[in-house]
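Take a look at the structure below.
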Number of protein chains: 2
Amino acid sequence: MSDLLERLRGRGWRLTSQRRVVAEVLDGEHVHLTADEVHARAAARLPEISRATVYNTLGELVTLGEVIEVATDGRAKRYDPNAHRPHQHLVCTGCGAIRDVHPLGNPLADLPAEQRFGFTVSQAEVTYRGLCPDCTG
Amino acid sequence: MSDLLERLRGRGWRLTSQRRVVAEVLDGEHVHLTADEVHARAAARLPEISRATVYNTLGELVTLGEVIEVATDGRAKRYDPNAHRPHQHLVCTGCGAIRDVHPLGNPLADLPAEQRFGFTVSQAEVTYRGLCPDCTG
DNA sequence: ATCCTACGATGGACGCAATCCAAGTCAAGA
DNA sequence: TCTTGACTTGGATTGCGTCCATCGTAGGAT
């Protein structure tokens with residue numbers, strides 16, 4: 001992701017200090033942060049950055065396909081900087097933690113034509129749920 | 001689902017008029033309603049029913065496995081009374097319409113032990129996305 | 001180097017979904 | 001019929017995210 005900023009410039013992004021910091025936060029931690037966590041880490045470097053800017057920037061990165069938005073049931077969305085390798089997610093129903101996983105098979109192939117109801121199906125998203133080791137106790 | 005109330009009594013549920021109405025609403029419409037839509041339909045029969053009770057009752061039905069909660073990105077959750085048969089969802093990225101589908105295979109079996117990171121994995125949720133016939137253009 | 005201006009940042013108000021809480025109500029067993 | 005604690009109520013509150021009017025500034029133009 002080190003050339004992320006280059007790619008964004010190429011797409012006509014105005015490179016502000018705020019956007020740079022948000023991108024660096026995502027680049028630095030390969031975990032799935034919430035928008036608030038991104039904001040907190042960004043504010044450590046750029047104290048005046050606003051939450052709205054973090055939300056705007058994350059939304060733009062999602063639109064550009066650089067980051068994936070992961071909706072965890074009823075909690076804050078998390079942002080996954082690992083957008084260039086296809087993968088699925090394993091979510092802890094206790095604490096909301098997320099791990100990337102790479103299951104076998106291709107779920108798209110498991111949906112027969114007669115189950116598609118005329119849809120042009122383009123994506124299959126699999127979310128595994130369970131308790132992580134810390135929450136099992 | 002006509003014997004839903006019987007099953008719930010068997011599990012020690014106190015059968016109140018509010019719970020009966022919520023169950024009847026879900027039983028009557030085999031579509032995916034939001035909590036507010038359930039509340040509106042319930043209030044047509046029992047005007048004083050409160051939102052909190054609808055939320056409580058829906059949550060209990062989900063916990064008991066009688067109803068499935070479907071999180072649609074950023075919008076209100078929807079409640080799927082078709083819990084008797086396992087199924088997944090096909091969502092139109094254009095208009096948000098949802099269809100129940102029954103894919104082949106068992107996605108849980110596609111997640112090898114070394115990909116589970118110590119989690120107690122209990123559920124695999126598959127969401128297919130694409131454009132429905134009306135939105136394909 | 002300086003100027004311009006449109007794009008981006010700000011932060012507080014706002015909106016929606018959902019939960020919490022203390023007080024009142026009532027289903028159902030004794 | 002009485003009693004009890006599970007259930008309901010509705011207003012307040014929380015959590016997450018968006019909106020908007022205003023201010024600031026990146027980067028092209030001169």
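Numbered from 1 within each chain, the chains take letters A, B, ... in sequence-line order. Being a predicted model, the structure only gives us computed values, none of them experimental.
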Open item on the list: Assuming nearest nucleotide by heavy-atom distance, tell me which of B:Tyr55 and B:Ser17 is located more 5' along DNA chain C.
Closed with: B:Tyr55
Task: Non-hydrogen atoms of A:Asn82 and A:His87 that approach each other most closely - done: O-CE1, 2.9 Å
Open item on the list: Working to the nearest 0.5 angstrom, can you tell me the gap between A:Glu69 CD and A:Thr63 OG1?
Closed with: 8.5 Å
Task: B:Asp36, B:Val25, B:Val21, B:Leu26 screened by side-chain contact (heavy atoms from CB on, under 4.5 Å) with B:Arg41, the one that passes - done: B:Val25
TODO: When you get a sec, tell me which of D:dT8, D:dT9, C:dG12 is the closest nucleotide to the side chain of B:Arg19?
DONE: D:dT8
Open item on the list: Quick check: do B:Asp110 and A:Val126 have side-chain heavy atoms less than 4.5 Å from each other?
Closed with: no
- [ ] Tell me which nucleotide among C:dA18, D:dG10, C:dG11 gets nearest to the side chain of B:Lys77.
- [x] C:dA18
- [ ] Name the closest nucleotide to the A:Leu15 side chain, picking from D:dT9, C:dG8, D:dG27.
- [x] D:dG27
Open item on the list: Would you say that more than 12 heavy atoms from the other residues, nucleotides or ligands in this model lie under 6.0 Å from the CZ of B:Arg51, or not?
Closed with: no
- [ ] Specify the separation, in whole Å, of atom CZ of A:Arg20 and atom C1' of D:dA26.
- [x] 11 Å
Open item on the list: Suppose we call a contact any N or O donor and acceptor under 3.5 Å apart; does that hold for the side chain of B:Arg14 and the base of D:dC7?
Closed with: no
TODO: Considering just the side-chain nitrogens and oxygens of B:Gln18, establish if one lies under 4.0 Å of OP1 or OP2 belonging to C:dC26.
DONE: no
- [ ] In whole angstrom, give the distance that lies between atom CG of A:Leu8 and atom P of D:dA26.
- [x] 17 Å
TODO: Figure out the CG/P separation between A:Asn56 and C:dT10, and round it to whole Å.
DONE: 10 Å
TODO: State whether A:Thr16 places a side-chain N or O below 4.0 Å from either non-bridging phosphate oxygen (OP1 or OP2) of C:dG8.
DONE: no
- [ ] Would you indicate, yes or no, if D:dT9 has its OP1 or OP2 atom less than 4.0 angstrom from a side-chain nitrogen or oxygen of B:Thr53?
- [x] yes
TODO: Starting from P on C:dA9, measure out to CD on A:Glu60 and report it in whole angstrom.
DONE: 7 Å
TODO: Tell me which of B:Trp13 and B:Arg51 sits closer to the 5' end of DNA chain D, going by the nucleotide each one is nearest to.
DONE: B:Trp13
Open item on the list: Is any side-chain heavy atom of B:Glu60 closer than 4.5 Å to one of B:Trp13?
Closed with: yes
Open item on the list: I need the residues from residues 36-46 of chain A with at least one non-hydrogen atom less than 4.0 Å from DNA chain D; give them sorted by number, or say none.
Closed with: none
- [ ] Name the nucleic acid region contacted by A:Ala76, choosing base, sugar-phosphate or nothing; use a 4.0 angstrom heavy-atom cut-off, strictly under.
- [x] sugar-phosphate
- [ ] Nearest whole angstrom, please: distance from the P of C:dT19 to the CZ of A:Arg75.
- [x] 11 Å
- [ ] Looking only at non-hydrogen atoms, find the nearest pair between A:Cys132 and A:Cys92 and report the distance.
- [x] N-SG, 3.3 Å
Open item on the list: Whole angstroms only, please: what is the CD-P distance between B:Glu69 and C:dA17?
Closed with: 14 Å
Task: Rounded interatomic separation in angstrom, taking CZ from A:Arg9 and C1' from C:dC7 - done: 15 Å
Task: Residue A:Glu48, side-chain heavy atoms: nucleotide from C:dA18, C:dT10, C:dC20 that is nearest - done: C:dT10
Open item on the list: Students often mix this up, so state it plainly: with edges at 30° and 60°, are the rings of A:His32 and A:His89 parallel, tilted or perpendicular?
Closed with: perpendicular
